[in-house]
Amino acid sequence: MIKRKSKDETKRMRHAGHIVALVHQKMKEVIEPGISTKELDNIAHKIIKENRAIPTFLGYHGFPGSICASINEEVVHGIPDENRILKEGDIISIDVGATYGGLVGDSAWTYPVGKISDDVQKLLKVTEEALFAGIGQMHEGNILDDVSSAIEEVANREKYGIVRQYGGHGVGHSMHEDPFLFNYSVGDRTVLKTGYAIAIEPMLNLGCDEVTVADDEWTVSTADKKPSAHFEHTVMVTDDEPLILTKLME
Ligand code: MG
Ligand code: MG
């Protein structure tokens, strides 16, 4: 069952989301050729702790990092590693969660490392556009399928692969709550209500939609090794416009 968040829960989620946004603000600043994904993880961990929050990912089903750092053809769940050094022309998806006062914020962004090719730049732009198309459907009275369909429409326009096995999710006292949100239409008629918080997270591929999981049992990559992008915000349905929880507080 999906639970509406109370005013107090919303406040704490907004705070968690702010901390997640602080991490992304820093990631954008420090991502450059030569930095390792472990260094990025250390920076993220420090920001979360300094803000009296808990890194949600660390230890989640045994995950060893505070961020997921997924490079190029890696889609999600890349493990931070001192031997994974970013180089010019890479893209890196950083996914991060923070728990504040028992409530979770979850957001991912794909960053270019130096100058990237035009087709990959477009993949990033369009995946971000797909995220905001989904967010635009987060209105009371709409159905979950409106969100999925809006994402799918943007992806299909560019003939990008849509990752099928992973998707968005309800979020609150734990990172993954009901409902599961597909990034393509499955006809889910769950009605959106004020107070529902959902992490919307399209994962789009330059090539096919198939993915594989590495021997480390975490890292998900595209089957054809073509680049993948991942953009995610935690968003709440309100009486008014959709509220993005994972952005900086004014
Ligand atoms: Mg995430
Ligand atoms: Mg998520």
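Every value quoted in this text rests on a predicted model; they were computed, and no experiment measured them. In each ligand, atom 1 is the first atom listed, and ligand 1 is the first ligand listed.
For the Mg ion (ligand 1), the count of nearby protein N/O/S atoms, taking only those under 2.8 Å, is 4.
A search for ring pair (Phe, Tyr, Trp, His ring centres under 6.0 Å) contacts involving His45 returns nothing, not counting sequence neighbours. Residues meeting the ring pair (Phe, Tyr, Trp, His ring centres under 6.0 Å) test with His18, sequence neighbours left out: none. Among residues two or more places apart in sequence or in another chain, the ring pair (Phe, Tyr, Trp, His ring centres under 6.0 Å) test is passed with Phe57 by none.
At least one cation-pi condition fails for Arg164 and Phe182: the charged atom is not both under 6.0 angstrom from the six-membered ring centre and inside a 45 degree cone around its axis.
Between His169 and His176, the two ring planes are perpendicular [angle over 60°; tilted spans 30° to 60°].
For His169, the nearest N, O or S atom to the Mg ion (ligand 2) falls under 2.8 Å.
No side-chain heavy atom of Thr10 sits under 4.5 Å from any side-chain heavy atom of Thr238.
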